[in-house]
Structure formats: C-alpha cells, structure tokens
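Some notes on the structure that comes next.
Model, not experiment: these values are computed from the prediction. We use all heavy atoms of the structure for the numbers below, so side chains are in, but hydrogens, waters and symmetry mates are not.
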Amino acid sequence: MLSVTPNVRFVGVEDDNLDLFEGQYPLQKGISYNSYVIDDEKIAVVDSVDRRRCREWLAKLEAALNGRTPDYLIVQHMEPDHSGSIRLMLEKYPSVKIVATAKALEMLGCFFEGMDVAERCMAVCDNDTLELGRVSLRFFTAPMVHWPEVMMTLDETDGVLFSADAFGSFATYSAAQAWDDEARRYYCNIVGKYGSSVQAVMKKLAGRNFRIIAPLHGPVLCGDLAGYWMLYDKWSRYVPETDGVLVAYASIYGGTAEAAMRLAAMLEENHAGEVVLMDLNRHDVSYAVAEAFRLSRMALCCATYDGGLFPSMHNFLHHLAMKNFRNRPVALVENGSWAPMAGKLMGDMLGKMKDMPPVAPAVTIRSRMHAGDIPALRCLAEALAKA
C-alpha cells in the first residue's frame with residue numbers, strides 16, 4: 001500500500017478498462033480514482049471513488065484501517081467519479097461524519113435519494129480547521145474548479161495539499177511520466193473554462209506550506225512543485241507554454257490537407273517555432289484543444305461543406321469557445337469549389353472569443369491548391385511567424 005507520508009496512505013484505485021472519461025474523452029493511459037486515509041488519533045478518509053471500483057476501494061480502505069473505524073469522510077467534490085461510493089461507505093461505517101461545503105451537502109440528496117445523513121454532516125467554509133490529533137487540516141473552498149461545491153484540504157502538519165480535481169491527470173496514479181501531456185489535456189478540456197476560478201484558489205494557496213499535491217486523478221506530485229504550479233498558472237491565464245503554431249485542418253478529399261501541409265512547411269522555413277500539424281478528422285478533439293492551449297499561434301484550414309464548416313472544424317472551434325479559449329493570433333485558409341464560406345464562418349466563431357486577432361492575408365483555394373495560391377500562402381506563413 002502506497003504511503004504518501006507516514007500519516008497518509010493512498011487507497012485509490014485504477015480503472016484500466018474505461019474507454020471514455022465523462023463519456024467523451026479517450027483514455028490511452030487509463031484513469032485513477034484517488035482516495036486517501038489520514039491516520040491519527042482520529043481518522044479521516046479523503047474522498048471516495050467511482051462506483052465502478054467501489055468493492056475494490058472498500059477492501060483497500062479496510063486493509064488500511066487495520067480494524068479501526070474512520071471518524072470523518074471528507075467530501076471535496078460531488079462528481080460521481082468521486083462520490084459514487086459514499087452511500088456504501090456510510091453503510092459500512094455508520095458512525096462516520098461527512099465533512100464538506102454546504103453546497104456539497106445540498107448535492108448529496110441529488111445523488112443519493114432517500115439517504116438521511118443530516119445528523120452526520122459538518123459544513124465547513126474557507127479557512128475552517130479540523131484537528132485529528134497531531135494533524136491539523138485546513139479547508140479552502142474552490143468554487144467552479146470545476147463544480148460550485150468543490151473544496152481543497154491542506155494537511156498543515158505534514159504539508160500535503162489534497163487538491164480535488166486540480167492538478168489531476170488522464171492517467172493512472174503510477175504513470176508519473178505522463179503528467180505534463182495528460183494533465184494538460186485533462187485541465188484544458190475539463191477545467192479550462194474556469195481559469196479565473198483557478199487563479200482565485202491559487203491566490204488563496206499562495207504562501208501556504210505544502211510539499212506534496214494529492215489530486216483526485218493521476219499521480220501524487222512531490223519533489224519540486226514549481227513546474228506543476230507554473231503550468232497551472234499559465235493554463236488558467238490562457239498563456240501559451242511553447243512558441244509555435246498549431247496547424248489544424250479539416251479536409252474532405254485532400255485538397256485542404258495539402259494546403260495545410262504546405263503551410264506547415266513554410267512556417268518551419270520561417271522559424272515559427274514548433275509546428276504541429278493535426279488532422280481534425282482523425283484526432284480526437286480533446287488532443288487538439290490541448291495543443292491549442294500549449295502553442296502560441298494557430299492556423300486553421302477548412303473546407304466548405306453544405307455552405308458551412310466541415311463538422312470536425314466546427315466541433316473544434318465549438319470546444320475552444322466552451323473553454324473560454326483566448327489570446328492567440330489565428331491565420332485562416334478556406335477551400336470551396338464554387339462558394340467558399342469556411343473563412344467567414346471560422347472568423348465568426350473566433351470573433352466570439354477574446355483576443356483572437358486574425359492574421360492577414362486569409363487565403364482562399366478552389367478545390368485544390370494551385371501554383372497561383374503559393375505566393376499568398378507564403379505571405380500568410382511569414383505574417384503568422386512574426387505574429
């Protein structure tokens with residue numbers, strides 16, 4: 001059994017046969033539902049797990065308790081992948097008190113009809129504390145990171161921040177090497193809309209003493225935490241990590257794809273930083289969103305389809321808008337055999353996002369890229385490289 005500190009044991013479980021997280025995000029490295037036991041004079045369990053792994057979790061919890069009974073269940077987040085086993089845990093340990101925000105306690109009835117726990121609930125607010133004996137816990141509300149009832153718990157004695165979904169990752173807890181890429185994809189697609197809320201809780205935590213971050217998904221983070229903190233700060237301020245260009249394209253018969261590939265090559269010739277070429281028809285949109293957050297500029301190449309955008313491009317821009325994406329120069333290439341409309345429609349969608357300046361000249365091709373299109377494409381690459 002994994003020990004986070006001498007007092008904190010990890011009792012989370014891995015889920016390695018779930019294909020889609022939240023019914024939409026592909027899982028190549030699995031997912032973990034993290035739960036922790038804080039062992040002191042009084043025992044606190046931090047969060048439960050998805051019902052898919054309830055039996056395994058309860059067995060691990062029983063082993064960690066070694067015959068003792070927990071005093072508290074700290075509920076930091078009511079999303080079903082963390083709250084799904086609460087009812088069965090309370091039935092197994094009927095003396096346990098639930099510690100959560102008032103909003104979380106209101107939500108209990110939404111998820112567990114007929115479960116009367118009013119006498120077993122303790123509502124906590126910002127900076128409230130709970131003494132377990134040697135260990136002192138302090139609570140920080142984190143509304144809209146990424147639900148309104150969320151809180152984080154700081155073990156002030158041993159320096160462990162139980163961070164709820166923040167700093168989590170699409171990966172199992174043993175896949176530490178996957179953190180950057182899979183944590184970025186997790187953040188951008190799940191928490192990304194709520195950058196201002198993330199900034200607010202980061203300000204609450206600034207100056208607090210912790211050396212370990214224990215999230216509800218993915219690996220426990222320890223050692224030098226500055227890199228993780230820096231990335232979360234950038235992501236939540238919509239600041240790019242890397243100088244470069246995402247060239248995202250939606251092509252029907254290959255003409256738009258050819259133009260995108262030529263543009264990518266020209267960008268590399270113009271030293272535009274890292275250039276990532278992504279076929280939106282064949283890459284899941286969650287990966288494209290993560291690359292858009294990571295890189296400093298975008299080039300969008302799209303075919304006109306039934307007088308509108310090809311669906312994969314529309315889906316990509318819709319997801320970016322949902323996540324409050326902003327602060328990137330964007331170049332546009334459209335394709336249309338008789339009535340090209342993709343450029344205007346992409347511009348309309350981008351215009352609803354903040355600080356997304358268009359890079360001129362936009363380029364129109366007709367069915368296929370022709371020799372006469374090369375000069376305009378080259379001008380666009382040069383302008384985007386300098387943007």
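- By the salt bridge (charged side-chain N to carboxylate O under 4.0 Å, His left out) test, R184 is found to be paired with D181, E241, residues two or more places apart in sequence or in another chain being considered.
- Counted within 6.0 Å of CG on D116, heavy atoms from surrounding residues, nucleotides or ligands total 12 or fewer; the atom is thus considered open.
- Test V45, D47, V99 against I74 for side-chain contact (heavy atoms from CB on, under 4.5 Å) and you get one pass: V99.
- Counting non-hydrogen atoms of other residues, nucleotides and ligands closer than 6.0 Å to NE2 of H146 gives a total above 12.
- Salt bridge status for R52 with D15: present, with a side-chain N to carboxylate O gap under 4.0 Å.
- When the options Y186, Y232, W235 are evaluated for a ring-ring contact (aromatic ring centres under 6.0 Å, His included) with F167, the one that passes is Y232.
- Between the side chains of T141 and T101, no donor N or O sits under 3.5 Å from an acceptor N or O.
- Here K42 does not pair with E131 in a salt bridge; the nearest charged N to carboxylate O distance is not below 4.0 Å.
- Listed by first and then second residue, the ring-ring contact (aromatic ring centres under 6.0 Å, His included) pairs that reach into residues 45-71 come to none, sequence neighbours excluded.
- Using modelled atom types, no side-chain atom of D306 and backbone atom of G308 make a donor-acceptor pair closer than 3.5 Å.
- Results of the salt bridge (Lys or Arg N to Asp or Glu O under 4.0 Å) test with R134 over D158, D39, D40 single out D158 as the only residue that passes.
- How far CG of D19 is from CD of Q28: 12.5 Å, rounded to the nearest 0.5 Å.
- At a cut-off of 3.5 Å, with distance as the only test, a side-chain donor of D233 or Q199 sits close to an acceptor on the other residue.
- Looking at S163, its side chain does come within 3.5 Å of a backbone N or O of A166 through a donor-acceptor pair.
- Geometrically, R326 engages Y238 in a cation-pi contact defined by less than 6.0 Å to the ring centre and at most 45° from the axis.
- For the pair S32 (side chain) and G218 (backbone), a donor-acceptor distance under 3.5 Å is present.
- Note that R185 lies in the cation-pi zone of Y287, set by a 6.0 Å cut-off to the ring centre and a 45° limit from the axis.
- For the pair R294 (side chain) and T242 (backbone), a donor-acceptor distance under 3.5 Å is absent.
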Apply side-chain contact (heavy atoms from CB on, under 4.5 Å) to the pair V49 and D81, showing each step before the final yes or no.
CA-CA 6 Å; V49 305; D81 53 330; over 6 Å; no
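- Each of K386, M356, R297, M298 was evaluated against P329; a single residue qualifies, R297, per the side-chain contact (heavy atoms from CB on, under 4.5 Å) test.
- Donor-acceptor pairing under 3.5 Å is recorded for the side chains of D165 and H82.
- With hydrogens and angles left out, the side-chain atoms of S174 and E14 include a donor and acceptor closer than 3.5 Å.
- Side chain of T256 to backbone of S251: no donor-acceptor contact under 3.5 angstrom is found.
- Heavy-atom neighbours of R87 CZ from other residues, nucleotides or ligands within 6.0 Å: above the threshold of 12.
- H217 places no side-chain N or O within 3.5 Å of a backbone atom of P215 that could act as its donor or acceptor partner.
- A continuous path of Ile, Leu, Val, Met, Phe, Trp and Tyr side chains, each step under 4.5 Å between heavy atoms, connects V285 with L350, placing both in one hydrophobic cluster.
- Taking a 6.0 Å sphere around CZ of R138, one finds it holds more than 12 heavy atoms contributed by other residues, nucleotides or ligands.
- N189 and S286 are not linked by any side-chain donor-acceptor pair at a separation below 3.5 angstrom, with hydrogens and angles left out of the test.
- Side-chain contact between M346 and L317: present, with at least one pair of heavy atoms (C-beta onward) separated by less than 4.5 Å.
- Between the side chains of T304 and E334, no donor N or O sits under 3.5 Å from an acceptor N or O.
- A 6.0 Å sphere centred on CZ of F111 holds more than 12 heavy atoms belonging to other residues, nucleotides or ligands.
- At a threshold of 4.5 Å between side-chain heavy atoms, the hydrophobic network of Ile, Leu, Val, Met, Phe, Trp and Tyr places L300 and M266 in two separate groups.
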Take K204 and D126, measure what salt bridge (Lys or Arg N to Asp or Glu O under 4.0 Å) needs, and give me the verdict at the end.
CA-CA 9 Å; K204 290 183 185 181; D126 255 328; 2.8 Å; yes
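- Note on L105: it clusters hydrophobically with V117, by side-chain heavy-atom contacts below 4.5 Å among ILVMFWY residues.
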